[in-house]
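Since the structure comes first, as structure tokens, the remarks are kept for the end.
In each ligand, atom 1 is the first atom listed, and ligand 1 is the first ligand listed.
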Amino acid sequence: MNYLIALVVIIFDQWTKYLVIENMAIGESIPIIDNLIYLTSHRNPGAAWGILAGQMWFFYIITVIVIGIIIYYMETYSKGHRLLGLSLALVLGGAIGNFIDRVRFQEVVDFVDVYIFSYDYPIFNVADSSLVIGVILIGIITLLEEVRKDKKV
Ligand SMILES: CCC[C@@H]1OC(=O)[C@@H](C)C[C@H](C)CCCCC(=O)CCC[C@@H](CC)/C=C/C=C(\COC)CC[C@@H](O)[C@@H](O)C[C@H](O)CNC1=O
């Protein structure tokens with residue numbers, strides 16, 4: 001079931017990136033909500049904020065490690081823990097989504113351009129969103145488990 005969620009994330013990520021590649025020139029920006037959300041066709045050869053641009057082998061290795069860890073946790077800890085399974089699936093889908101871009105183009109397609117209090121947040125994509133939501137959810141679950149353990153003591 002969780003692998004299905006990851007697959008849906010990957011398909012939605014790749015479909016949105018395909019639409020951006022097919023319909024927008026790089027650098028082209030379409031306002032969705034003025035001063036808030038824009039669709040901007042962007043490419044990033046690096047990770048968040050463009051760090052380590054071009055270091056594809058590093059990204060391949062890190063991503064394969066991330067995918068390995070996620071699958072291990074999905075097979076061991078997420079049995080019977082639905083929210084953890086969902087969170088891991090979101091991270092898995094996001095990691096694979098960007099991995100596909102890196103293998104195909106040696107860069108990642110980004111298009112979600114938001115301005116948070118007039119700060120132009122780095123342009124990201126569906127895979128990034130899925131990764132960040134998954135990571136945050138795992139953090140919350142881990143925190144709640146700790147609190148529950150402390151209460152039992
Ligand atoms: C989301 C992780 C980035 C994603 O990692 C991946 O692929 C993983 C699976 C593989 C990486 C090689 C390893 C992770 C490096 C860690 C990292 O980077 C620190 C992240 C912190 C995080 C706090 C939680 C910020 C988040 C930022 C952004 C996303 O905000 C929604 C801005 C995204 C834009 O800079 C956009 O251009 C990025 C481009 O799409 C390529 N994306 C990646 O490299």
Residue pair Phe59, Phe99: steps toward the side chain to side chain contact (heavy atoms under 4.5 Å, CB included) verdict: CA-CA 8 Å; Phe59 295 139; Phe99 185 67; over 6 Å; no

Are more than 12 heavy atoms from other residues, nucleotides or ligands located less than 6.0 Å from atom OH of Tyr60? yes

Which protein non-hydrogen atom lies closest to atom 36 (C) of ligand 1, naming both residue and atom, and how far is it? Ile123 O, 3.2 Å

Please report whether atom 39 (C) of ligand 1 has a protein non-hydrogen atom at a separation of less than 4.0 Å. yes

Are any of the protein's heavy atoms under 4.0 angstrom from atom 43 (C) of ligand 1, yes or no? yes

For a side chain to side chain contact (heavy atoms under 4.5 Å, CB included) check, start with the C-alpha distance between Arg43 and Val109, then their side-chain angles and the critical distance, and finish with the verdict. CA-CA 5 Å; Arg43 303 294 183 271; Val109 177; 3.8 Å; yes

Asn23 side chain vs Leu19 backbone, donor-acceptor pair below 3.5 Å: yes

Side chain to side chain contact (heavy atoms under 4.5 Å, CB included), that's the test. Do Tyr3 and Ile71 meet it? Break it down for me. CA-CA 9 Å; Tyr3 294 110; Ile71 290 175; 3.8 Å; yes

Nearest to atom 26 (C) of ligand 1, what protein heavy atom do you find, and at what distance? Tyr121 OH, 3.8 Å

Under 4.0 Å between heavy atoms, the region of Arg102 that gets near ligand 1 turns out to be side chain

Which protein non-hydrogen atom lies closest to atom 20 (C) of ligand 1, naming both residue and atom, and how far is it? Ala48 CB, 3.8 Å

When you measure from the side chain of Asp128 to the backbone of Leu131, do you find a donor-acceptor pair of N or O atoms at a distance under 3.5 Å? no

Can you tell me which residue and heavy atom of the protein come closest to atom 37 (O) of ligand 1, and the distance to 0.1 Å? Asp110 OD2, 2.6 Å

Protein contact to atom 32 (C) of ligand 1 [nearest heavy atom, distance to 0.1 Å]: Pro122 CB, 4.0 Å

Taking it one step at a time, do Arg104 and Lys17 satisfy side chain to side chain contact (heavy atoms under 4.5 Å, CB included)? CA-CA 12 Å; Arg104 288 180 65 197; Lys17 287 171 176 175; over 6 Å; no

Are any of the protein's heavy atoms under 4.0 angstrom from atom 4 (C) of ligand 1, yes or no? yes

State whether the side chain of Gln14 and the backbone N or O of Gly97 hold a donor-acceptor pair below 3.5 Å, judged by distance alone. yes

Phe105 atom CZ: more than 12 heavy-atom contacts under 6.0 Å: yes

So which protein heavy atom does atom 25 (C) of ligand 1 come closest to, and at what separation? Trp49 CZ3, 3.7 Å

Is it true that Ile32 and Trp15 fall in one hydrophobic cluster, defined by side-chain heavy atoms closer than 4.5 Å? yes

Could you check whether any side-chain N or O of Asn2 sits under 3.5 Å from a backbone N or O of Ala89, counting only pairs where one atom can act as donor and the other as acceptor? no

Mark up the atoms of ligand 1 that fall under 4.0 Å of a heavy atom belonging to Asn125, in ascending order. 40 (O)

Please work out which of Leu131, Ile62, Val91 has its closest non-hydrogen atom nearest to atom 11 (C) of ligand 1. Ile62

Thr63 versus ligand 1: do any nitrogen or oxygen atoms come within less than 3.5 Å of each other? no

Under 4.0 Å from atom 23 (C) of ligand 1, do we find at least one protein heavy atom? no

Below the 3.5 angstrom mark, is there an N/O of Ser129, backbone or side chain, next to an N/O of ligand 1? no

Please report which non-hydrogen protein atom sits nearest to atom 12 (C) of ligand 1, along with the residue it belongs to and the distance in Å to one decimal place. Phe59 CD2, 3.2 Å

Heavy atom of the protein closest to atom 1 (C) of ligand 1 (residue, atom name, distance): Val132 CG2, 3.7 Å

Less than 4.0 Å from atom 14 (C) of ligand 1, is there any heavy atom belonging to the protein? no

Relative to atom 33 (C) of ligand 1, which among Leu52, Asp128, Val64, Val112 owns the nearest non-hydrogen atom? Asp128

Taking only heavy atoms of Ala95, which atoms of ligand 1 are found under 4.0 Å from at least one of them? 9 (C)

Geometry only, no angles: is Asn98 polar-contacting ligand 1 at N/O separations under 3.5 Å? yes

Side-chain (Thr16) to main-chain (Phe12) donor-acceptor, under 3.5 angstrom: yes

Between Asp101, Asn44, Asn98, which is the residue that forms a side-chain hydrogen bond (donor to acceptor under 3.5 Å, both in side chains) with Asn125? Asn98

Contacting atoms of ligand 1, where contact means under 4.0 angstrom from a heavy atom of Asn44: 35 (O), 36 (C), 37 (O), 38 (C), 39 (C)

